[in-house]
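Notes to accompany the following structure.
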Amino acid sequence: MTGIRPYRPDDLERLREICVRTAHAGQDATGLFSDDSLWPAVFLDPYLELDPGLAFVADQGSGPLGYVVATADTGSFVERYRAEWLPRLEERFEHVQPPTGLEQQIAHLGLTPERMLRAGAPGHPAHLHIDLLPEAQGRGLGRALIRTLLAELSSRGIRGVHLGIDPANTGARAFYERLGFTELRGSTPEEPLFGIATDAGV
Ligand SMILES: CC(C)(COP(=O)(O)OP(=O)(O)OC[C@H]1O[C@@H](n2cnc3c(N)ncnc32)[C@H](O)[C@@H]1OP(=O)(O)O)[C@@H](O)C(=O)NCCC(=O)NCCS
């Protein structure tokens with residue numbers, strides 16, 4: 001048993017908790033903002049809503065320990081996000097311009113989906129987010145989640161996937177490099193951008 005299975009709608013609340021508990025450069029963000037649900041509203045919920053077939057859960061029998069979510073084509077995801085997800089986000093969160101402080105910055109990210117169109121990623125049209133609870137880390141589940149996602153993307157004819165990393169998240173960077181992700185053109189120290197071919201074998 002790999003401990004990886006497709007996402008089910010009844011996982012939703014647990015996955016939101018996992019998102020918040022790992023959201024601040026990989027560390028617990030509970031209570032950091034006036035509303036914890038901002039984190040999943042930007043980095044989890046839209047993927048489950050718009051691309052649920054690319055969401056996989058690590059579950060060794062006691063419920064979700066972590067997840068990977070993704071979209072196969074970032075360009076069309078941005079269009080659907082703007083049309084279908086953004087109106088719901090705008091009802092819930094204020095857009096302060098220019099944003100000051102982390103909470104306003106995360107809201108700004110959620111409310112400007114075009115920021116997902118990163119230069120340097122055209123050969124890697126998919127993108128992903130992955131999070132595991134601290135007690136589930138370091139057991140190979142992250143590798144297994146990525147392997148499952150890459151296989152699904154590859155079966156759909158998608159050649160590459162990319163992701164952005166918070167530069168403060170050195171553990172995540174080490175994980176991706178260990179799996180064979182490399183820095184893409186367009187990556188900067190402030191906004192690292194990594195990618196991998198879906199047939200790379202991790
Ligand atoms: C980053 C994360 C997804 C990695 O998943 P994981 O299950 O802990 O990683 P695995 O156990 O599958 O490790 C796979 C390989 O990466 C290496 N690795 C993982 N985390 C590492 C770290 N912090 N430092 C160095 N190497 C690391 C492992 O040693 C392992 O190598 P090996 O197979 O050759 O022994 C997970 O730790 C996590 O969710 N962290 C908090 C949230 C987060 O930062 N998400 C990413 C945001 S971009």
Side-chain angles (χ1 to χ4, degrees), residues 1-5 7 11 14-33 36-48 51 54-71 74 77 102 105-106 109-110 115-116 118 120-121 124 126-153 160-184 186-196 198 200-202:
M1 185 178 90
T2 63
I4 309 300
R5 62 166 173 78
Y7 164 73
D11 294 324
R14 185 74 183 140
L15 299 200
R16 285 178 172 154
E17 282 174 40
I18 295 169
C19 177
V20 176
R21 283 189 57 196
T22 55
H24 192 214
Q27 306 299 309
D28 194 355
T30 306
L32 203 60
F33 293 169
D36 280 349
S37 75
L38 174 61
W39 294 104
V42 176
F43 296 115
L44 174 69
D45 297 353
Y47 299 87
L48 299 176
D51 235 332
L54 288 175
F56 297 95
V57 171
D59 181 353
Q60 297 186 310
S62 58
L65 300 167
Y67 62 81
V68 64
V69 293
T71 186
T74 301
F77 183 77
L102 188 60
Q105 284 170 21
I106 298 298
L109 292 181
R115 51 101 191 166
M116 289 184 246
R118 296 284 306 266
H124 300 77
H127 79 259
L128 68 85
H129 295 279
I130 183 171
D131 291 308
L132 284 150
L133 288 172
E135 55 269 32
Q137 294 171 14
R139 299 181 354 206
L141 290 170
R143 187 190 286 275
L145 281 167
I146 296 285
R147 185 181 293 144
T148 303
L149 176 66
L150 294 188
E152 176 61 26
L153 288 170
V161 59
H162 72 272
L163 58 100
I165 308 179
D166 183 329
N169 196 343
T170 52
R173 186 182 183 116
F175 164 74
Y176 294 120
E177 287 179 339
R178 183 75 185 150
L179 264 55
F181 285 72
T182 55
E183 213 159 344
L184 298 179
S187 181
T188 65
E190 300 75 32
E191 293 187 80
L193 182 69
F194 278 75
I196 195 167
T198 55
V202 299

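In listed order, ligands and their atoms are each counted from 1.
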Kindly indicate whether [atom] is approached by any protein heavy atom to under 4.0 angstrom.
| atom | value |
| --- | --- |
| atom 12 (O) of ligand 1 | yes |
| atom 35 (O) of ligand 1 | no |
| atom 28 (C) of ligand 1 | no |

Side chain proximity check, [X] to [Y], heavy atoms < 4.5 angstrom:
| X | Y | answer |
| --- | --- | --- |
| F56 | L149 | yes |
| Y47 | H127 | yes |
| R147 | I4 | no |
| I146 | L128 | yes |
| I106 | H24 | no |
| L54 | L153 | yes |
| L141 | Q60 | yes |
| Y7 | L15 | yes |

Numbered atoms and elements of ligand 1 in range of [X], under 4.0 angstrom, heavy atoms:
| X | value |
| --- | --- |
| G171 | 21 (C), 22 (C), 23 (N) |
| R139 | 11 (O) |
| Y176 | 46 (C), 48 (S) |
| A174 | 24 (N), 25 (C), 26 (N) |
| G140 | 10 (P), 11 (O), 12 (O) |

Looking only at distance, does [X] have an N or O less than 3.5 Å from an N or O of ligand 1?
| X | result |
| --- | --- |
| G142 | yes |
| L132 | yes |
| A172 | no |
| A25 | no |
| N169 | yes |
| A136 | no |

Candidate with minimal heavy-atom separation from atom 42 (C) of ligand 1, of D131, L141, V202: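 Shortest heavy-atom distance from atom 42 (C) of ligand 1: D131.
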
Best match, R147, R178, Q137: closest heavy atom to atom 40 (N) of ligand 1: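 That would be Q137.
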
[atom]: the protein heavy-atom neighbour that sits closest, reported with distance to 0.1 Å:
| atom | result |
| --- | --- |
| atom 8 (O) of ligand 1 | G138 N, 2.8 Å |
| atom 20 (N) of ligand 1 | F175 CB, 3.9 Å |
| atom 45 (N) of ligand 1 | I130 O, 2.9 Å |

Ion pair check, R21 and E17, cut-off under 4.0 Å: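 Answer for the salt bridge query: no.
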
N-O pairing of R14 and D59 below 4.0 Å: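 Salt bridge absent between R14 and D59.
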
Straight-line distance of L44 CG to S37 OG, nearest 0.5 Å: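 Reported to 0.5 Å precision, the distance equals 11.5 Å.
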
Rounded distance [0.5 Å steps], CG in L163 versus CG in L193: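 Answer for the CG-CG pair, L163 versus L193, is 7.5 Å.
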
Residue part near ligand 1, for R143, under 4.0 Å between non-hydrogen atoms: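 Looking at R143 and ligand 1, atoms from backbone and side chain both fall under 4.0 Å.
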
Main-chain N/O of L109 paired to R115 side chain as donor or acceptor, under 3.5 Å: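 Yes, the answer is positive, given that a donor and an acceptor are paired below the 3.5 Å cut-off.
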
Sub-4.0 Å heavy-atom contact, G66 with ligand 1: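 For ligand 1, residue contact (heavy atoms, under 4.0 Å) with G66 is absent.
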
